[in-house]
Amino acid sequence: ITQLGVQMTSFLTLLGAAGIAVGMAFSGTLSNFAGGIMILVLKPFKVGDEIKALGEQGTISEIQIFNTYLKTVDNKIVIFPNGPLANGSIVNFTKEKNRRIEWTFMLSPDIQFTRVQELIIPLLSADKRVLSKLEPFVGIQQITENGLELKVRCWVKTADYGGVYYDLQQQIVAAMQAAKIGFAKA
(Lines give C-alpha, C1' and ligand atoms only; values in the text may rest on other atoms or scores of the structure.)
Protein backbone atom coordinates (compact mmCIF):
# COMPACT_ATOMS: atom_id res chain seq x y z
CA ILE A 1 0.00 0.00 0.00
CA THR A 2 2.95 2.34 0.71
CA GLN A 3 4.28 1.55 -2.79
CA LEU A 4 1.04 3.01 -4.21
CA GLY A 5 1.69 6.29 -2.42
CA VAL A 6 -0.84 5.90 0.39
CA GLN A 7 0.48 6.89 3.78
CA MET A 8 0.24 3.85 6.06
CA THR A 9 -0.61 5.95 9.14
CA SER A 10 -3.56 7.52 7.31
CA PHE A 11 -4.77 4.08 6.22
CA LEU A 12 -4.51 2.66 9.76
CA THR A 13 -6.32 5.69 11.18
CA LEU A 14 -9.12 5.29 8.62
CA LEU A 15 -9.35 1.54 9.31
CA GLY A 16 -9.45 2.15 13.08
CA ALA A 17 -12.18 4.78 12.73
CA ALA A 18 -14.23 2.43 10.53
CA GLY A 19 -13.80 -0.34 13.12
CA ILE A 20 -15.03 1.93 15.92
CA ALA A 21 -18.04 3.03 13.83
CA VAL A 22 -19.00 -0.57 13.03
CA GLY A 23 -18.51 -1.57 16.66
CA MET A 24 -20.72 1.24 17.91
CA ALA A 25 -23.37 0.38 15.31
CA PHE A 26 -23.45 -3.22 16.53
CA SER A 27 -23.35 -2.42 20.25
CA GLY A 28 -27.15 -2.09 20.55
CA THR A 29 -27.74 -5.21 18.49
CA LEU A 30 -25.19 -7.18 20.49
CA SER A 31 -26.73 -5.89 23.72
CA ASN A 32 -30.16 -7.10 22.57
CA PHE A 33 -28.72 -10.45 21.51
CA ALA A 34 -27.01 -10.90 24.89
CA GLY A 35 -30.23 -9.83 26.64
CA GLY A 36 -32.20 -12.37 24.60
CA ILE A 37 -29.79 -15.13 25.61
CA MET A 38 -30.08 -14.11 29.27
CA ILE A 39 -33.90 -14.10 29.11
CA LEU A 40 -34.02 -17.49 27.39
CA VAL A 41 -31.53 -19.06 29.82
CA LEU A 42 -32.50 -17.44 33.14
CA LYS A 43 -36.25 -17.37 32.37
CA PRO A 44 -37.45 -14.43 34.48
CA PHE A 45 -40.73 -14.86 32.56
CA LYS A 46 -42.23 -17.12 29.90
CA VAL A 47 -44.86 -16.77 27.19
CA GLY A 48 -48.22 -16.25 28.90
CA ASP A 49 -46.82 -14.55 32.03
CA GLU A 50 -48.19 -11.15 33.02
CA ILE A 51 -45.35 -8.74 33.70
CA LYS A 52 -44.62 -5.07 34.22
CA ALA A 53 -41.37 -3.80 32.72
CA LEU A 54 -40.01 -0.58 31.27
CA GLY A 55 -43.24 1.24 32.22
CA GLU A 56 -45.59 -1.19 30.46
CA GLN A 57 -47.80 -4.00 31.78
CA GLY A 58 -49.28 -6.92 29.88
CA THR A 59 -48.93 -10.56 28.90
CA ILE A 60 -45.85 -11.94 27.15
CA SER A 61 -46.93 -13.14 23.71
CA GLU A 62 -43.55 -13.95 22.17
CA ILE A 63 -39.85 -14.10 23.12
CA GLN A 64 -37.33 -13.78 20.30
CA ILE A 65 -33.55 -13.52 20.42
CA PHE A 66 -33.50 -9.71 19.90
CA ASN A 67 -37.00 -8.63 21.06
CA THR A 68 -39.81 -9.62 23.42
CA TYR A 69 -43.46 -8.95 22.56
CA LEU A 70 -45.91 -7.86 25.26
CA LYS A 71 -49.67 -7.65 24.71
CA THR A 72 -51.32 -4.96 26.84
CA VAL A 73 -54.85 -5.20 28.28
CA ASP A 74 -56.11 -2.83 25.58
CA ASN A 75 -54.73 -5.19 22.89
CA LYS A 76 -51.64 -3.22 21.87
CA ILE A 77 -48.38 -5.02 21.16
CA VAL A 78 -45.31 -3.48 22.81
CA ILE A 79 -41.98 -4.65 21.42
CA PHE A 80 -39.15 -4.52 23.94
CA PRO A 81 -35.52 -4.75 22.84
CA ASN A 82 -34.07 -7.53 25.01
CA GLY A 83 -30.99 -5.56 26.13
CA PRO A 84 -32.82 -2.95 28.22
CA LEU A 85 -35.46 -5.52 29.24
CA ALA A 86 -32.87 -7.94 30.64
CA ASN A 87 -31.07 -5.13 32.47
CA GLY A 88 -34.20 -3.45 33.88
CA SER A 89 -36.59 -4.27 36.69
CA ILE A 90 -39.28 -6.82 35.87
CA VAL A 91 -42.36 -7.52 37.98
CA ASN A 92 -43.75 -10.97 37.18
CA PHE A 93 -47.34 -11.18 38.42
CA THR A 94 -47.89 -14.83 37.46
CA LYS A 95 -44.73 -16.57 38.65
CA GLU A 96 -46.23 -17.34 42.09
CA LYS A 97 -49.41 -19.39 42.46
CA ASN A 98 -51.00 -17.09 45.08
CA ARG A 99 -51.35 -13.32 45.09
CA ARG A 100 -52.50 -10.79 47.67
CA ILE A 101 -55.30 -8.36 46.87
CA GLU A 102 -55.24 -5.04 48.64
CA TRP A 103 -57.77 -2.21 48.80
CA THR A 104 -57.46 1.17 50.49
CA PHE A 105 -60.57 3.11 51.48
CA MET A 106 -60.71 6.58 53.03
CA LEU A 107 -63.58 6.62 55.52
CA SER A 108 -65.21 9.35 57.50
CA PRO A 109 -63.43 9.96 60.85
CA ASP A 110 -66.63 9.33 62.84
CA ILE A 111 -67.16 5.69 61.75
CA GLN A 112 -67.13 2.77 64.16
CA PHE A 113 -64.21 0.63 63.04
CA THR A 114 -65.53 -2.63 64.56
CA ARG A 115 -68.76 -2.17 62.59
CA VAL A 116 -66.74 -1.85 59.38
CA GLN A 117 -64.77 -5.01 60.22
CA GLU A 118 -68.00 -6.91 60.94
CA LEU A 119 -69.29 -5.83 57.56
CA ILE A 120 -66.24 -6.60 55.41
CA ILE A 121 -64.77 -9.82 56.90
CA PRO A 122 -67.91 -11.92 56.13
CA LEU A 123 -67.85 -10.70 52.52
CA LEU A 124 -64.24 -11.84 52.14
CA SER A 125 -64.88 -15.17 53.88
CA ALA A 126 -67.99 -15.92 51.79
CA ASP A 127 -66.12 -15.75 48.48
CA LYS A 128 -64.84 -19.27 47.72
CA ARG A 129 -61.97 -17.84 45.66
CA VAL A 130 -60.45 -16.15 48.73
CA LEU A 131 -57.92 -18.50 50.32
CA SER A 132 -58.98 -19.39 53.86
CA LYS A 133 -55.50 -20.57 54.95
CA LEU A 134 -54.29 -16.96 54.86
CA GLU A 135 -56.77 -15.01 56.97
CA PRO A 136 -58.23 -11.82 55.47
CA PHE A 137 -57.20 -8.56 57.12
CA VAL A 138 -59.13 -5.34 57.76
CA GLY A 139 -57.28 -2.62 59.66
CA ILE A 140 -56.73 1.09 60.02
CA GLN A 141 -53.57 1.95 58.13
CA GLN A 142 -53.47 5.64 58.93
CA ILE A 143 -55.41 8.34 60.71
CA THR A 144 -55.43 11.64 58.82
CA GLU A 145 -57.23 14.95 59.18
CA ASN A 146 -59.58 13.81 56.39
CA GLY A 147 -60.51 10.50 58.02
CA LEU A 148 -59.40 6.92 58.49
CA GLU A 149 -57.40 5.14 55.82
CA LEU A 150 -58.69 1.58 55.88
CA LYS A 151 -56.59 -1.29 54.48
CA VAL A 152 -58.32 -4.52 53.37
CA ARG A 153 -56.26 -7.56 52.32
CA CYS A 154 -56.91 -11.14 51.25
CA TRP A 155 -55.10 -13.85 49.28
CA VAL A 156 -56.31 -15.59 46.12
CA LYS A 157 -54.93 -17.86 43.43
CA THR A 158 -53.13 -15.74 40.85
CA ALA A 159 -55.57 -16.74 38.10
CA ASP A 160 -58.50 -15.42 40.21
CA TYR A 161 -56.93 -12.04 41.01
CA GLY A 162 -58.80 -9.77 38.58
CA GLY A 163 -62.24 -11.28 39.09
CA VAL A 164 -62.01 -11.30 42.88
CA TYR A 165 -60.55 -7.79 43.00
CA TYR A 166 -63.42 -6.16 41.12
CA ASP A 167 -66.23 -8.38 42.49
CA LEU A 168 -65.30 -7.87 46.13
CA GLN A 169 -64.53 -4.19 45.71
CA GLN A 170 -68.03 -3.67 44.35
CA GLN A 171 -69.57 -5.76 47.18
CA ILE A 172 -67.61 -3.90 49.88
CA VAL A 173 -68.61 -0.47 48.56
CA ALA A 174 -72.27 -1.52 48.19
CA ALA A 175 -72.35 -2.98 51.72
CA MET A 176 -70.79 0.15 53.22
CA GLN A 177 -73.23 2.40 51.36
CA ALA A 178 -76.18 0.25 52.49
CA ALA A 179 -74.94 0.48 56.11
CA LYS A 180 -74.57 4.26 55.65
CA ILE A 181 -70.84 4.16 56.39
CA GLY A 182 -69.47 7.35 54.93
CA PHE A 183 -66.42 7.72 52.77
CA ALA A 184 -64.11 10.64 53.58
CA LYS A 185 -64.51 13.77 51.53
CA ALA A 186 -61.36 15.03 49.87
A.B. asks: So do the side chains of I90 and F45 get within less than 4.5 Å of each other, counting heavy atoms only?
C.D. replies: yes
A.B. asks: If we only count heavy atoms from C-beta on, is the V173 to F105 side-chain gap below 4.5 Å?
C.D. replies: yes
A.B. asks: Determine whether D110 and S108 satisfy the following criterion, side chain to side chain donor-acceptor pair (under 3.5 Å), listing intermediate values before the conclusion.
C.D. replies: CA-CA 6 Å; D110 59 345; S108 173; 2.3 Å; yes
A.B. asks: What are the two closest non-hydrogen atoms of G182 and I111, and how far apart are they?
C.D. replies: O-CG2, 4.1 Å
A.B. asks: Heavy atoms, side chains only, cut-off 4.5 Å: are M106 and N146 in contact?
C.D. replies: yes
A.B. asks: If you group Ile, Leu, Val, Met, Phe, Trp and Tyr by side-chain heavy-atom gaps below 4.5 Å, do Y69 and F80 land in one group?
C.D. replies: no
A.B. asks: Evaluate the criterion salt bridge (Lys or Arg N to Asp or Glu O under 4.0 Å) for residue pair R99 and D160; output intermediate values, then yes/no.
C.D. replies: CA-CA 9 Å; R99 193 164 164 201; D160 294 334; over 6 Å; no
A.B. asks: Using the test salt bridge (Lys or Arg N to Asp or Glu O under 4.0 Å), find all partners of K46 that sit at least two apart in sequence or belong to another chain.
C.D. replies: D49
A.B. asks: Taking side chain as C-beta onward, heavy atoms only, is R115 less than 4.5 Å from I181?
C.D. replies: yes
A.B. asks: Is any side-chain heavy atom of N82 closer than 4.5 Å to one of Q64?
C.D. replies: no
A.B. asks: Does one side chain, of T72 or D74, offer a donor that lies under 3.5 Å from an acceptor on the other?
C.D. replies: yes
A.B. asks: Does the side chain of Q171 pick up a donor-acceptor pair with the side chain of Q169 at under 3.5 Å?
C.D. replies: no
A.B. asks: Any link between F113 and V152 through a network of hydrophobic side chains (Ile, Leu, Val, Met, Phe, Trp, Tyr) touching at under 4.5 Å?
C.D. replies: yes
A.B. asks: Is it the case that the side chain of T158 and the backbone of K97 share a donor-acceptor pair, with hydrogens and angles ignored and the cut-off at 3.5 Å?
C.D. replies: yes
A.B. asks: Hydrophobic cluster membership, with links at side-chain heavy-atom distances under 4.5 Å among I/L/V/M/F/W/Y: are F137 and I121 in one?
C.D. replies: no
A.B. asks: Working to the nearest 0.5 angstrom, can you tell me the gap between Q112 CD and L107 CG?
C.D. replies: 12.5 Å
A.B. asks: Which heavy-atom pair separates Q57 from L70 by the least distance, and what is that distance?
C.D. replies: C-CD2, 3.8 Å
A.B. asks: Sub-3.5 Å donor-acceptor pair from the side chain of R153 to the main-chain atoms of E135, do we have one?
C.D. replies: no
A.B. asks: Please check if the side chain of D127 supplies one atom and the backbone of L168 the other of a donor-acceptor pair under 3.5 Å.
C.D. replies: no
A.B. asks: Less than 4.0 Å between a side-chain N and a carboxylate O, is that true for K151 and E149?
C.D. replies: no
A.B. asks: For G163 and R129, work out which heavy atoms get closest and say how close.
C.D. replies: C-NH1, 3.7 Å
A.B. asks: Looking at side-chain heavy atoms only, is the closest gap between I101 and Y161 below 4.5 Å?
C.D. replies: yes
A.B. asks: Do the non-hydrogen side-chain atoms of T68 and I60 ever get within less than 4.5 Å of each other?
C.D. replies: yes
A.B. asks: Once rounded to the nearest 0.5 Å, what's the spacing between atom NZ of K43 and atom CD1 of I63?
C.D. replies: 8.0 Å
A.B. asks: Hydrophobic clustering (ILVMFWY, side-chain heavy atoms < 4.5 Å, transitive) - are I140 and I172 grouped together?
C.D. replies: yes
A.B. asks: Can you name the closest pair of heavy atoms from A53 and L85 and give their distance?
C.D. replies: CB-CD1, 3.5 Å
A.B. asks: Kindly work out whether a path of hydrophobic side-chain contacts (I/L/V/M/F/W/Y, heavy atoms less than 4.5 Å apart) joins L134 to L124.
C.D. replies: no
A.B. asks: Which heavy-atom pair separates C154 from P136 by the least distance, and what is that distance?
C.D. replies: CB-CB, 4.3 Å
A.B. asks: Aromatic rings Y165 and W103: how do their planes relate, parallel, tilted or perpendicular, breaks at 30° and 60°?
C.D. replies: parallel
A.B. asks: Flag the pair I120 / M176 as yes when at least one side-chain heavy-atom distance between them is below 4.5 Å, and no otherwise.
C.D. replies: yes
A.B. asks: For I65 and F33, what are the C-alpha separation, side-chain angles and deciding distance, and is it a side-chain contact (heavy atoms from CB on, under 4.5 Å)?
C.D. replies: CA-CA 6 Å; I65 199 69; F33 178 76; 3.6 Å; yes
A.B. asks: Would V130 and W155 satisfy side-chain contact (heavy atoms from CB on, under 4.5 Å), going step by step from the backbone distance to the final call?
C.D. replies: CA-CA 6 Å; V130 173; W155 287 84; over 6 Å; no
A.B. asks: I'd like to know whether NZ of K71 has more than 12 heavy-atom contacts from other residues, nucleotides or ligands below 6.0 angstrom.
C.D. replies: no
A.B. asks: Would the distance check show the side chain of E62 and the main-chain N or O of V47 forming a donor-acceptor pair, the cut-off being under 3.5 Å?
C.D. replies: no
A.B. asks: Show the nearest heavy-atom pair for residues G83 and N32, with the distance to one decimal.
C.D. replies: N-OD1, 3.0 Å
A.B. asks: Carefully, step by step, assess Q141 and L150 under the rule side-chain contact (heavy atoms from CB on, under 4.5 Å).
C.D. replies: CA-CA 6 Å; Q141 177 169 313; L150 185 74; over 6 Å; no
